Chemist: 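My questions all concern the structure below.
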Amino acid sequence: MDLKNVLNEEQYEAAINIEGPLLILAGAGSGKTRTITYRIAHMIKDLDIKSYQILAITFTNKAAKEMKDRVRSLIGEVAENMWISTFHSLCVRILRREIEKLGYTNSFTIYDFFDQKTLVKQCLEILKINTDNFDVSEVIRRISKYKNEFVKPIEALSRESGYREKIFAQIYELYEKKLFENNSLDFDNLIFKTIELFEKCPDVLTFYQSKFKYIMVDEYQDTNYAQYYLVKLLASKYKNICVVGDDDQCIYQWRGADINNILDFEKDYKDTKIIKLEKNYRSKANILNAANKVILNNLRRKDKVLRPINSEGENIKVFKASNAEEEALFVANEIVRLIKNNGYEYKDFGILYRTNSQSRMFEEIFVKNQIPYKLIGVVRFYERKEIKDVIAYLKTIINPSDEISLRRIVNEPKRGIGDVTVDKLSEYANQNSISLFDAMVACSEISTISARTGNTIKEFSKIILDMREKMDLKPSEFIKLILEKVGYMTFFKTSKDSEAQTRLENIEEFINAAVNFEDLNYGCSIEEFLENITLVSEVDKYDENASAVTLMTIHSSKGLEFPVVFMVGMENGIFPSNKCFDEPDEMEESRRLCYVGITRAKNLLYLTHANVRMVYGETNFRTKSKFLMEIPSNLIMNVTFGGEERVSNSSGEVRTFGKFSPTTPFNKPKEIQNDISEDEVKIGRKVHHKTFGEGMICKVENSDGKTRIYVAFDNNGVKKLELGKTPIKFI
DNA sequence: GAAATTTGCATTTTT
DNA sequence: TGCAAATTTC
């Protein structure tokens, strides 16, 4: 391969240094993925390294897929045997083969956050711990922390001395025991158990060490201790380890990512070669310089600077809005203007914010102005109740020990197996040391359960047992069959719930997802399908070609780029958050986040902040973000809504900046749901209620300054509602 | 049990 | 403020 022609000098060096430890410090937009894919292609094509000897680890499935596609396009199907995967899917793959050595069975299920929550609640109940002092999420965080640091329950118990800490360790111990009994693993366990497996079975470790002669890890700055340790174990035989990362982009410390992993890489691996990729191909020079200046304020970082390849570009546009609404209007207006005058498309815009709750105002304004947008990362499809129920059915069938899933669906749809019955079954199961499901099968042995309930239980367990015989069906067929057998669809079809229709559609969508998966993975099993949906995130599904503006948190934007970026809510207290002002580490992480946000922009960068904003129900004056002040003023251009602008450079000159087009389809915001003016309330008008669905106003009543309306709902009869208090919208 | 009402609480979430 | 969870009410 003619690498010299397609790579720059540093990239070339990175691509040809194959033996021994290599640290690639790759700044944002420096052609990192390109370098890695050529590196792999070079190894296979020029050096005759076998593809099955290569392991490449990424953080997202999307990144893994992209890398695989790009390698494939360079060298063709030989790439197929290469392991390119996320940490988690790598571990699942190993564990599915070997976990029996740890006493689990290979049909183990993976628990998501919600399953974890349920399990922790169970643990707290068993240990009789008052939930006032021990918040479930806090417990999960602590447990996760232990696992990220590879601390086993026994070690946690012996190391903790504080009163609370001891209790956390106790919960951790029980939680692990329960997970084991359920033959289930949580996300952190996938990595934890793989390490445990390697420690316990040196022959297994040796096998993988020998297999993976060449290892690459992307986004190394965001690895936690457990991941670091796992990589270290795997790489210790050949030490052909290449890690790629950017300490300035470490934004997951709060989740256990240890920035020292990248900062100390040279200490960990003797004779490390370091290559810096500092040429930035993505952003205009002004944008890049701003990013460089901001990040310079961090103390703990590797010395490097991003050098622009592109021209200066326009100045960074800063807009001070009087309030949140104006901020959103401004953004909407700019989008419309740029599309009209400068040939941009909707998909060229990314709106980035610190917290998901900030998206609301933008959505509202975009809806009103018919700007198509896609929201990433708020309500995840697989987190909807009905979808989780279907998944719980699958998990119950696949893994007979999974009590969490079984409990979830045992009375869903309602079939008369309530809490009392489940408690009886559970007690029997404990006494006889069998699983809850086996207790159900043997329910006739339990004297306290009536014959009628017993029959229902038998009927239910028979369905599950029958389904276990049908696991060779295609996933979509399998899902359809189970739903039919338990009458789930019929339940929704006859349900009065106004959400029923949506739920039904979601389930159909879920079946479609199964069909899609089958098409892409011929002959795949239900287990594979299930695994895929548990391990795939929202950002993975981000479609860069969809014609819509993207709204997402800065965190989710890592690895993406947009021709035009709006970073909104640039105010102290939001970004950086209040906490950062007390904790320097948090401030630095926040600054890195700011750096990530800025470097997403290719051509234009907008930073907006509001003078007044409502936060937690309180309206207060706001100050502009500390980070904004860190950008040299000669790179900034203050803009105003209408069109004129003021340049805040030293010379104080004023230029004109894109006039507001009169044809811009712009409406001032109209009613928000709760301040509907009374004269709009007319009999016959159609409304939508949050819980009751659609209906029509049939009577209006005015008394003591309140307006009450009577609405005949399509599915829920007539309700009397107070205007302004009830969540309705006109349709 | 479901619906209405009150209370509480509030970053970021690659898997 | 706006929401989800907890609690009370019907």
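So that the names make sense, note that chain A is the first sequence line, chain B the second, and so on, each numbered from 1. Just so you know, these numbers use all the heavy atoms, side chains as well, and skip hydrogens, waters and symmetry mates. Fair warning: this is a prediction, and the values are worked out from it, not measured in the lab.
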Chemist: If you look at every strand shown and take non-hydrogen atoms under 4.0 Å, does A/E586 touch a base, only sugar-phosphate, or nothing?
Modeler: base
Chemist: Of all the nucleotides listed (B/dA2, B/dT13, B/dT12), which has the minimum atom distance to the side chain of A/R354?
Modeler: B/dT12
Chemist: Remember a base hit wins even if backbone is also touched, and classify A/D222 as base, sugar-phosphate or nothing at under 4.0 Å, heavy atoms.
Modeler: base
Chemist: For B/dT12, give the paired nucleotide (Watson-Crick: N1-N3 plus N6-O4 or O6-N4; G-U: N1-O2 and O6-N3; both under 3.5 Å), or none.
Modeler: none
Chemist: Rounded to whole Å, how long is the line connecting atom CG of A/D135 with atom P of C/dA4?
Modeler: 17 Å
Chemist: Could you tell me whether A/E363 and A/R360 have a side-chain N and a carboxylate O separated by less than 4.0 Å?
Modeler: no
Chemist: So, A/D115 and A/R408, do they make that salt bridge, N to O below 4.0 Å?
Modeler: no
Chemist: Atom CZ of A/R141 and atom P of B/dT11: how far apart are they, to the nearest Å?
Modeler: 11 Å
Chemist: In whole angstrom, give me the gap between the P atoms of C/dA5 and B/dT12.
Modeler: 15 Å
Chemist: Reckon A/Y616 has a side-chain N or O less than 4.0 Å from the OP1 or OP2 of B/dT11?
Modeler: yes
Chemist: May I have the distance from A/N578 (atom CG) to B/dA10 (atom P), rounded to whole angstrom?
Modeler: 14 Å
Chemist: Does A/R591 pair with A/E630 as a salt bridge, N-O distance under 4.0 Å?
Modeler: yes
Chemist: For B/dT13, does either OP1 or OP2 sit under 4.0 Å from a side-chain N or O belonging to A/N356?
Modeler: yes
Chemist: What about the rings of A/F575 and A/F627, do their centers lie closer together than 6.0 Å?
Modeler: yes
Chemist: Please check if any side-chain donor atom of A/E176 sits under 3.5 Å from a side-chain acceptor atom of A/Y146, or the reverse.
Modeler: no
Chemist: With syn defined as a glycosidic angle within 90° of 0 and anti as the rest, where does B/dT11 land?
Modeler: syn
Chemist: Nearest to the side chain of A/H555, which nucleotide is it out of B/dT13, C/dT1, B/dT11?
Modeler: B/dT13
Chemist: Please work out if A/S577 contacts a base, only the sugar-phosphate, or nothing of the nucleic acid, heavy-atom cut-off 4.0 Å.
Modeler: base
Chemist: Side-chain N or O of A/S556 versus OP1/OP2 of B/dT13: is the shortest distance under 4.0 Å?
Modeler: yes
Chemist: Looking across every strand, which nucleic acid part, if any, lies under 4.0 Å from A/Y252 by heavy atom: base, sugar-phosphate, or nothing?
Modeler: base
Chemist: So A/K121 and A/E125, do their side chains get closer than 4.5 Å, heavy atoms only?
Modeler: no
Chemist: For the pair made of CD1 in A/I574 and C1' in B/dA10, what is the distance, rounded to whole Å?
Modeler: 13 Å
Chemist: Ignoring backbone atoms, establish whether A/R360 has a side-chain N or O less than 4.0 Å from OP1 or OP2 of C/dT1.
Modeler: no
Chemist: B/dT13 P sits how many Å from A/I143 CD1, rounded?
Modeler: 22 Å
Chemist: Pick the nucleotide of DNA chain B nearest each of A/L593 and A/K414; which residue has the one closer to the 5' end?
Modeler: A/K414
Chemist: Does B/dT11 have OP1 or OP2 under 4.0 Å away from a side-chain N or O of A/S357?
Modeler: no
Chemist: Figure out the CE/P separation between A/M361 and C/dT1, and round it to whole Å.
Modeler: 13 Å
Chemist: What's the CG-P distance between A/N620 and B/dA10, to the nearest Å?
Modeler: 18 Å
Chemist: Within this structure, what is the CG-to-C1' distance between A/L535 and B/dT13, rounded to whole angstrom?
Modeler: 15 Å
